[in-house]
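When a residue number appears, it is its place in the shown sequence, counting from 1.
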Amino acid sequence: MFVRIVKLSFQPEKTEEFLGNFEKSKENIRNFPGCRLLELYREKTNTNVFFTYSYWDSEEDLEAYRNSELFKGIWNKTKILFNDKPMAWSVDKLATLP
């Protein structure tokens, strides 16, 4: 399993549109084959900056999602709202402490 972290920065007046789009698609993303967890975070001081964390069984599962019609539809609605280039990291989880 690995974790995908994506930083998304939106035009301040477009954040509610992003949140509405996320609300509509979050269950479909989470239920995509290989996705084990989906979380959305909002930066405290820059409230137009968000982070998504998703846990995937394999890189192939993430790539299948990124090449899916689901992702393409979501991305087309999301990318027009940005005010900065998104950043993404794929990382291996090394430890979890309860």
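- Between atom CG of residue Asn31 and atom NZ of residue Lys26 there is a gap of 12.0 Å, rounded to the nearest 0.5 Å.
- By the 30° and 60° cut-offs, the orientation of the rings of Phe50 relative to Phe18 is tilted.
- Annotation: the span from Thr47 atom OG1 to Arg42 atom CZ amounts to 5.0 Å, rounded to 0.5 Å.
- Atom SG of Cys35 and atom CG of Leu62 lie 9.0 Å apart (nearest 0.5 Å).
- Judged as a salt bridge (Lys or Arg N to Asp or Glu O under 4.0 Å), not a single pair has a partner in residues 74-84 (not counting sequence neighbours).
- In terms of the side chain to side chain donor-acceptor pair (under 3.5 Å) criterion, residue partners of Lys93 (sequence neighbours excluded) are, by chain and number, Thr96.
- Applying the side-chain contact (heavy atoms from CB on, under 4.5 Å) criterion to Arg36, with sequence neighbours excluded, gives Tyr55, Asp57.
- At a threshold of 4.5 Å between non-hydrogen side-chain atoms, the residues Ile74 and Asn76 do not count as touching.
- Residues Leu81 and Val6 share a single hydrophobic cluster, defined by chaining ILVMFWY side chains whose heavy atoms lie under 4.5 Å apart.
- For the salt bridge (charged side-chain N to carboxylate O under 4.0 Å, His left out) test, residues two or more places apart in sequence or in another chain that qualify with Arg66 are Glu63.
- A search for side-chain contact (heavy atoms from CB on, under 4.5 Å) contacts involving Asp92 returns Phe2, not counting sequence neighbours.
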From CA spacing to verdict: side-chain contact (heavy atoms from CB on, under 4.5 Å), Lys7, Val49: CA-CA 7 Å; Lys7 179 182 178 185; Val49 176; 3.8 Å; yes
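- A single hydrophobic cluster is seen to contain both Ile5 and Met87, as judged by linkage of ILVMFWY side chains at heavy-atom distances under 4.5 Å, directly or through other members.
- Within the 4.5 Å cutoff, the side chain of Leu8 has heavy atoms near those of the Thr52 side chain.
- The side-chain heavy atoms of Glu17 and Phe10, taken from C-beta on, include no pair separated by under 4.5 Å.
- Checking Asn28 against Ser25 by side-chain atom types alone, no donor-acceptor pair falls below 3.5 Å.
- Looking at Tyr53 and Val3, their side chains come closer than 4.5 Å, going by heavy atoms from C-beta outward.
- Between the side chains of Glu43 and Tyr41, no donor-acceptor pair of N or O atoms lies under 3.5 Å.
- Minimum heavy-atom separation, Asp61 to Gly34: OD2-CA, 3.5 Å.
- Side-chain atoms of Leu70 and Tyr65, non-hydrogen and from C-beta on, do get closer than 4.5 Å to each other.
- The aromatic rings of Trp75 and Phe71 sit parallel to each other, their planes meeting at less than 30°, with 60° as the upper class boundary.
- Taking all atoms of both residues into account, the shortest heavy-atom contact from Ile80 to Gln11 is O-NE2, 3.4 Å.
- For the 3.5 Å distance criterion, the side chains of Asn48 and Thr15 fail to qualify, holding no donor opposite an acceptor.
- Every residue two or more places apart in sequence or in another chain that forms a side-chain contact (heavy atoms from CB on, under 4.5 Å) with Ser54 is listed here: Arg4, Leu38, Trp56.
- Atom CG of Leu40 is separated from atom CD of Glu23 by 10.0 Å, given to the nearest 0.5 angstrom.
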